[in-house]
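Numbering of ligands and ligand atoms starts at 1, following listing order. Just the heavy atoms: all of them, side chains too, but no hydrogens, waters or symmetry mates, feed the values below.
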Amino acid sequence: MQVIQSVNSLKETITSLKAENKSIGFVPTMGALHLGHTSLIEKAKKECDIVISSIFVNPTQFNNPDDLAKYPRTLESDLSELEKVGCDIVFTPTKEEIYPSDFIEIHLDLGTLKGVMEDALRPGHFHGVVNVVKRLFELTQPKKAYFGLKDFQQVAVIKFMVKEMNLPVEIISCPTVREKSGLAMSSRNMRLNEQEKKDALIIYNTLMQAVENAKIHTPKEVKKLAIENFNQGNLKIEYIELVHPLTLETLENKWVEDATMCIAAFCGEVRLIDNMQIF
Ligand code: AMP
């Protein structure tokens with residue numbers, strides 16, 4: 001496995017891979033890797049000649065400086081996990097490599113995806129995500145890029161950007177990998193103590209209950225029941241929404257195929273998100 005830090009050596013490597021006509025699969029990450037991340041690498045390996053992963057804790061997508069400071073950084077074990085799973089190239093740039101002084105930001109109007117859920121609660125987050133992902137796509141030139149549905153709104157935003165900007169990459173969305181308990185794997189789970197890990201299961205339980213409730217209730221009723229159930233636990237809700245899978249518009253009285261419930265909540269000091277296809 002090749003570890004590349006500089007943009008210049010990445011460019012050289014990409015040029016020679018392109019000359020050999022190799023298809024590139026790309027998996028962007030912020031490190032602190034777990035089985036959710038490696039599932040993306042495994043899928044990319046099946047579909048592409050060469051898999052590139054990046055590890056970059058992107059400061060511009062953190063709206064909370066404390067969250068950025070406390071974000072887990074575990075580079076050595078990340079590299080050994082990536083090696084084990086057969087990743088070919090890991091790009092570990094510095095902030096300066098990603099954002100040189102002549103970096104030109106893009107400002108994308110996210111349409112119906114803006115002002116809701118993560119965008120409402122984390123202003124500027126998706127602006128940071130869109131810019132870093134576009135930059136990483138330009139640098140790695142992938143045929144396909146792999147994203148986890150754990151970050152449901154992020155997948156919608158990236159697909160929207162690719163379509164709007166006509167970028168030559170196919171976005172592959174991959175299922176959420178969970179602990180046996182049902183807790184969605186997340187780098188932030190490292191910050192939970194044992195009690196908090198138990199408390200956090202209210203998220204999965206609420207989503208599973210919503211799947212059952214959807215069989216006999218309207219979306220509006222399912223959301224109300226979900227909030228009631230959630231509030232019996234110890235987490236602090238940021239939002240529980242039932243949305244259209246593509247436009248993210250709130251569902252009220254009518255179900256649509258792949259209607260998705262999204263939850264964000266604080267478990268102690270740690271902000272967790274999860275979602276599930278409900279209908
Ligand atoms: P992050 O390092 O949190 O930026 O995540 C990098 C990629 O891994 C994103 O596409 C995430 O959606 C994906 N990811 C994170 N957690 C999971 C999970 N539990 N299952 C599947 N994909 C995940």
Side-chain angles (χ1 to χ4, degrees), residues 25-47 51-64 67-68 70-75 77-79 81-82 85 87 90-93 95 98 113 117-118 122 125-137 140 142 144-162 169-192 197 200-201 203-204 207 245 260 262-264 267 270-277:
F26 177 50
V27 181
T29 84
M30 298 203 298
L33 302 183
H34 49 67
L35 295 177
H37 297 109
T38 49
S39 74
L40 307 183
I41 309 268
E42 277 162 1
K43 185 153 173 66
K45 270 189 79 68
K46 287 194 189 122
E47 299 183 352
V51 177
I52 305 182
S53 185
S54 60
I55 298 177
F56 178 61
V57 182
N58 176 34
T60 70
Q61 71 188 69
F62 285 81
N63 54 317
N64 175 348
D67 190 24
L68 173 61
K70 290 190 175 148
Y71 201 83
R73 289 157 171 90
T74 57
L75 185 61
S77 69
D78 289 348
L79 294 179
E81 289 309 311
L82 288 172
V85 77
C87 181
V90 190
F91 181 45
T92 59
K95 209 166 68 184
I98 293 294
L113 311 183
M117 302 197 292
E118 293 302 288
R122 302 184 67 188
H125 169 66
F126 287 122
H127 177 69
V129 169
V130 157
N131 274 282
V132 78
V133 170
K134 180 168 169 288
R135 169 92 170 127
L136 290 168
F137 282 175
T140 55
K144 297 182 179 189
Y146 297 78
F147 290 85
L149 281 167
K150 155 83 169 42
D151 297 281
F152 183 73
Q153 193 169 4
Q154 173 169 276
V155 173
V157 165
I158 301 294
K159 284 187 171 168
F160 179 87
M161 168 179 80
V162 165
V169 53
E170 184 185 347
I171 302 304
I172 311 290
S173 51
C174 307
T176 300
V177 177
R178 297 178 181 280
E179 305 281 357
K180 267 203 197 101
S181 63
L183 179 66
M185 291 196 182
S186 164
S187 305
R188 288 186 170 86
N189 293 354
M190 284 182 191
R191 294 176 53 205
L192 300 175
K197 275 188 191 152
L201 294 180
I203 302 177
Y204 181 67
L207 293 168
T260 299
C262 301
I263 299 182
C267 184
V270 183
R271 187 173 185 278
L272 300 175
I273 59 170
D274 199 353
N275 66 84
M276 195 176 279
Q277 210 170 290

* **Heteroatom proximity flag, Ala184 to ligand 1, N/O under 3.5 Å** => no

* Can you sort out which atoms of ligand 1 are near Lys150, meaning under 4.0 Å from one of its heavy atoms? => 16 (N), 17 (C), 18 (C)

* Answer whether the closest heavy-atom distance between the side chains of Tyr204 and Met276 falls below 4.5 Å. => yes

* List the closest protein heavy-atom neighbour of atom 3 (O) of ligand 1: residue, atom name, distance to the nearest 0.1 Å. => Tyr71 OH, 3.7 Å

* Numbered atoms and elements of ligand 1 in range of Phe147, under 4.0 angstrom, heavy atoms -> 10 (O)

* Asked: Do any N/O atoms on His37 end up under 3.5 angstrom from N/O atoms on ligand 1?
  -> yes

* Does Phe152 have a heavy atom less than 4.0 Å from any atom of ligand 1? -> no

* Can you pull out the closest protein heavy atom to atom 12 (O) of ligand 1? Residue, atom name and distance to 0.1 Å, please. => Asp151 OD2, 2.6 Å

* To do: State, to 0.1 Å, how close Ser187 and Pro72 come at their nearest heavy-atom pair, and which atoms those are.
  => O-CG, 3.5 Å

* Asked: What residue and heavy atom of the protein are closest to atom 10 (O) of ligand 1, and at what distance?
  -> Gly148 N, 2.9 Å

* Can you see which heavy atom on Leu113 is nearest to which on Ala156, and at what distance? => CD1-O, 3.5 Å

* Taking the side chain as C-beta and beyond, is there a heavy-atom pair between Phe147 and Val133 under 4.5 Å? -> yes

* Asked: Hey, are the side chains of Asp78 and Thr92 touching, using non-hydrogen atoms and a 4.5 Å cut-off?
  -> no

* Per-atom contacts of ligand 1 with Met185, taking only distances under 4.0 Å to non-hydrogen atoms -> 16 (N), 17 (C), 18 (C), 19 (N)

* Structure fact -> Min over Ser186, Cys174, Pro175 of heavy-atom distance to atom 21 (C) of ligand 1 lands on Pro175

* Asked: Is any side-chain heavy atom of Leu40 closer than 4.5 Å to a side-chain heavy atom of Ile172?
  -> no

* Taking N or O atoms only and a 3.5 Å limit, does Pro28 qualify as a polar contact for ligand 1? -> no

* **ligand 1 N/O within reach of Val177 N/O, cut-off under 3.5 Å** => yes

* Check the pair Gln154, Ile273 against side-chain contact (heavy atoms from CB on, under 4.5 Å), reporting the backbone distance first and the verdict last. => CA-CA 12 Å; Gln154 173 169 276; Ile273 59 170; over 6 Å; no

* To do: Using a cut-off of 6.0 Å, state whether more than 12 heavy atoms not belonging to Lys43 lie near its atom NZ.
  => no

* Asked: With backbone taken as N, CA, C and O and side chain as the heavy atoms from C-beta onward, which portion of Val155 lies under 4.0 Å from ligand 1: side chain, backbone, both, or neither?
  -> neither

* Structure fact -> Quick note on ligand 1: atoms under 4.0 Å from a heavy atom of Leu40 include exactly 7 (C), 8 (O), 10 (O), 13 (C)

* Enclosure of Lys197 NZ (heavy-atom neighbours >12, cutoff 6.0 Å) -> yes

* Atom indices of ligand 1, in the order listed, that fall short of 4.0 Å to a heavy atom of Met30 -> 1 (P), 2 (O), 4 (O)

* To do: Compare all side-chain heavy atoms of Val270 with those of Asn189 and state whether any distance is below 4.5 angstrom.
  => no

* Just how far is it from atom OG of Ser39 to atom CE of Met185, taken to the nearest 0.5 Å? -> 9.0 Å

* Asked: Taking only heavy atoms of Thr29, which atoms of ligand 1 are found under 4.0 Å from at least one of them?
  -> 2 (O), 6 (C)

* Asked: For ligand 1, is there an atom lying under 4.0 Å from some heavy atom of His34?
  -> yes

* Asked: Below 3.5 angstrom, do we get any N/O pair linking Ser39 and ligand 1?
  -> no

